[in-house]
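Report on the following structure.
Residue indices begin at 1 and follow the sequence shown.
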Amino acid sequence: MIEETRLPESVMAELLKIIPGPEPPLEVRIPRIPVAEEEITRRIIPVSDPKLDGNELRYLTQCIQSNWISSAGRFVRDFEEAFAAVMGCSHGVACSNGTTALHLALATLGLGPGDEAIIPAFTMIATANAVRYTGATPVLVDSERETWNPDVTKLSAAVTPRTRGILLVHTYGHPVDMDPLLELADRRGLWVVEDAAEAHGARYKDRPIGSLGRAASFSFYANKIITTGEGGMVTTNDPELARVARRLRDHAFSDERHFWHKYLGFNYRMTNMQAAVGLAQTERLEEFVEIRRANAARYTQRLSKIPGLTLPVERPWARNVYWMYGVVVEDAFGISRDELRRRLARRGIETRTFFIPIHLQPIYYSLFKGQGYPVAEELCQRGMYLPSGATLSETEIAYICDAVRDVRDETT
Ligand SMILES: Cc1ncc(COP(=O)(O)O)c(C=O)c1O
């Protein structure tokens, strides 16, 4: 049986200085909100909630009534076309989740054993895993302190003769500074794939993210800006890449004869029911993005008055979609990030810590032993995000910001 990876105690003792402590228990009763004298009806304020009150139920009912529930139903094509169009792409290949979409994009590009792909150290585990599933090796770059995105000035030093491409992440909804990255990739003959799992609707210099490299992948997990419960999509403007990705997604069945396979394919298909929800959500993507941006503006307005918190930025060329509203808890705040989370949890406010960087993960520790990515480590130590979903009310944001201020006042 497969065994879990355990790090030696001496290593763990060092890592515990950086990685977050245990999850704080959430108290499930929210008191009357003093700011608005208004009762919050939910028992906790979640980090992110789906909003499913458009055409979701109507389209789903059509799946059931028509008996089309597999990936062969028409909503899959309709969703692919609608979503790809919004992302400025001519092709979309819907998948079972964001990780399979990532793997599909990389496998289609032919990434394999002996190859390297550059990824940020500060990302969710799926970015690195997708590279490993192909047999290739991820090579890490550190992040920028302000946008939390991969630092494009550090990319060049990570390129080796084995590098095939760059898999970048638009972290928490802020686009990466693409022009210098694309220029480098072009000069060195590398492909660029966007891991856009967190950034539906973001724009770089008024161009939609998801259309800026050879391909991009999106996640539609329930906490994402639009959701299908579980789901993902590869978007591209390359018809050949889309054709091969479509084939690989479906066991690589060939056109000449059924049950004849000339590629090692996968079953990464999306069901018609997931796509029905996805289409209804895509119809409202712009509205959901505007809600998140308005929530972020409210947070920034209130939290900027509290010393010791570094808030998210929006570069002049960027449209940040604030998938999650992150804050970095600096020493000047007076208590640690983990202590702030514990105290917010007692007030019914759910939060999440920032990512634990790839090189510190038990499964990747030996691969990256001795390597340091100080910005990623600092973000891991100090960063957290606040409730950010589309169902969040203005009153709840006021309650959360007051709670953060009260916690700080308690300590000073
Ligand atoms: C940057 C990034 N890439 C990939 C994924 C994986 O997506 P999924 O959970 O749909 O497989 C996520 C999920 O949150 C993510 O944040």
Lys/Arg N to Asp/Glu carboxylate O, Arg382 vs Asp338, below 4.0 Å = no

Between Phe79 and Phe220, is the gap from one ring center to the other below 6.0 Å?
-> yes

Go through the steps to decide whether Arg269 and Glu230 satisfy the test salt bridge (Lys or Arg N to Asp or Glu O under 4.0 Å), and finish with yes or no.
-> CA-CA 11 Å; Arg269 298 178 302 234; Glu230 297 282 350; over 6 Å; no

Checking Arg249 side chain against Val93 main chain: does a donor-acceptor pair fall under 3.5 Å?
-> no

May I ask you to check whether Tyr263 and Phe253 place their ring centres under 6.0 Å from each other?
-> no

Give the table of side-chain donor-acceptor pairs shorter than 3.5 Å for residues 212-219, with sequence neighbours excluded, one pair per line with atom names and distance.
unit_1	atom_1	unit_2	atom_2	d
Arg214	NE	Asp238	OD2	3.4
Arg214	NH2	Asp238	OD2	3.4
Ser219	OG	Tyr221	N	3.2

Sequence neighbours left out, what pairs pass salt bridge (charged side-chain N to carboxylate O under 4.0 Å, His left out) with at least one residue falling in residues 11-20?
-> Glu14-Lys17

Separation of Leu379 CG from Glu144 CD (nearest 0.5 Å) = 10.5 Å

Would you name the heavy atoms of Trp68 and Asn272 that are closest together and state the gap between them?
-> O-ND2, 3.0 Å

May I ask you to decide if Trp260's main-chain N or O and Ser254's side chain share a donor-acceptor pair within less than 3.5 Å?
-> yes

Under 3.5 Å, is there a donor-acceptor pair between the side chain of Glu56 and the main chain of Val277?
-> no

Proximity of His359 and Tyr365 rings by center, below 6.0 Å = no

Can we say Asp49 and Lys51 salt-bridge, meaning some charged N sits less than 4.0 Å from an Asp/Glu carboxylate O?
-> no

For His91, the ring pair (Phe, Tyr, Trp, His ring centres under 6.0 Å) test, sequence neighbours excluded, returns none

What are the two closest non-hydrogen atoms of Val176 and Tyr204, and how far apart are they?
-> O-CD1, 3.5 Å

Is a side-chain N or O of Asn149 found less than 3.5 angstrom from the main chain of Pro175, in a donor-acceptor match?
-> yes

Could you verify whether a donor N or O on one side chain and an acceptor N or O on the other, from Glu198 and His170, lie under 3.5 Å apart?
-> no

Donor-acceptor contact below 3.5 Å, side chain Thr163 vs main chain Gly165 = no

Electrostatic pair Arg319:Glu290 at N-O distance under 4.0 angstrom = yes

Determine, for Arg247 against Asp255, whether the closest basic-nitrogen to carboxylate-oxygen distance falls under 4.0 angstrom.
-> yes

Per the side-chain hydrogen bond (donor to acceptor under 3.5 Å, both in side chains) rule, which among Arg284, Gln62, Glu283 passes with Asn55?
-> Glu283

Can you measure from CZ (Arg203) to CD1 (Ile209) and round to the nearest 0.5 angstrom?
-> 10.0 Å

Mark yes or no for whether Thr127, through its side chain, and Met124, through its backbone, hold a donor-acceptor pair below 3.5 Å.
-> yes

Considering all heavy atoms of both residues, which atom of Arg292 and which atom of Trp323 are nearest to each other, and what is their separation?
-> NE-O, 3.0 Å

Looking at side-chain heavy atoms only, is the closest gap between Val141 and Tyr373 below 4.5 Å?
-> no

With the side chain counted from C-beta on, respond yes when Thr160 and Val139 share a heavy-atom pair under 4.5 Å apart, and no when they do not.
-> no

Test of ring centre spacing under 6.0 Å for Phe354 and Phe122 | yes

Side chains of Cys63 and Phe75: does their closest heavy-atom pair fall under 4.5 Å?
-> yes

Grab the two heavy atoms, one from Thr5 and one from Pro362, that are nearest each other, plus how far apart they are.
-> CG2-O, 3.2 Å

Taking atom CD1 of Ile69 as the centre, report whether more than 12 heavy atoms of other residues, nucleotides or ligands fall under 6.0 Å from it.
-> no

Flag the pair Glu394 and Arg298 as a salt bridge only when some basic side-chain nitrogen lies within less than 4.0 angstrom of an acidic carboxylate oxygen.
-> yes

Distance in Å, Tyr325 OH paired with Leu303 CG, rounded so as to fall on 0.5 Å steps | 5.0 Å

Take Leu102 and Leu167 through the side-chain contact (heavy atoms from CB on, under 4.5 Å) test and state the conclusion after the steps.
-> CA-CA 9 Å; Leu102 263 181; Leu167 174 56; 3.7 Å; yes

Test side-chain contact (heavy atoms from CB on, under 4.5 Å) on Leu309 and Leu311 and set out the steps.
-> CA-CA 6 Å; Leu309 293 177; Leu311 306 180; 4.1 Å; yes

Val192 pairs by side-chain contact (heavy atoms from CB on, under 4.5 Å) with which of Asp186, Leu184, Leu181?
-> Leu181

Take Phe266 and His103 through the test ring pair (Phe, Tyr, Trp, His ring centres under 6.0 Å) and record every step on the way to the result.
-> CA-CA 10 Å; Phe266 319 100; His103 182 208; 4.7 Å; yes

Paired with Ile397, the side-chain contact (heavy atoms from CB on, under 4.5 Å) test is passed by just one of Leu386, Asp402, Leu392, namely Leu392

Does a sphere of radius 6.0 Å around CD in Glu330 hold more than 12 heavy atoms from other residues, nucleotides or ligands, not counting ones at 6.0 Å or beyond?
-> yes

Can you tell me how far CD1 of Ile356 sits from CD1 of Ile18, rounded to the nearest 0.5 angstrom?
-> 10.5 Å

Is the closest side-chain donor-acceptor distance between Thr100 and Ser96 under 3.5 Å?
-> yes

Check whether the ring centres of His174 and Tyr322 lie less than 6.0 Å apart, and answer yes or no.
-> no

Return the minimal non-hydrogen interatomic distance between Ala345 and Pro25, and the atom names on each side.
-> CB-O, 3.4 Å

List the steps, then state whether side chain to side chain donor-acceptor pair (under 3.5 Å) holds for Gln274 with Thr271.
-> CA-CA 5 Å; Gln274 289 167 295; Thr271 69; 3.2 Å; yes

In Å and rounded to the nearest 0.5 Å, what is the CE to OH distance from Met324 to Tyr172?
-> 9.0 Å

Would a distance-only check, ignoring hydrogens and angles, find a side-chain to backbone donor-acceptor pair under 3.5 Å from Arg337 to Gly383?
-> yes

Flag, side chain of Gln281 to backbone of Ile226, donor-acceptor distance under 3.5 Å = no

Distance-only, no hydrogens or angles: does the Glu116 side chain make a donor-acceptor pair with backbone N or O of Arg162 under 3.5 Å?
-> no

Audit row: Met384, Arg352, side-chain contact (heavy atoms from CB on, under 4.5 Å) steps and yes/no = CA-CA 5 Å; Met384 59 183 255; Arg352 286 267 183 290; over 6 Å; no

CZ of Arg6: more than 12 outside heavy atoms within 6.0 angstrom?
-> no

Which atom names give the shortest non-hydrogen contact between Ala136 and Leu111, and what distance separates them?
-> CB-CG, 3.6 Å

Ignoring hydrogens and geometry, is there a side-chain-to-backbone donor-acceptor pair from Asp195 to Ala197 under 3.5 Å?
-> yes

Contact check, side chains of Glu410 and Ile335, non-hydrogen atoms, under 4.5 Å | no

Between CZ on residue Arg347 and CZ on residue Arg342, distance to nearest 0.5 Å | 13.5 Å

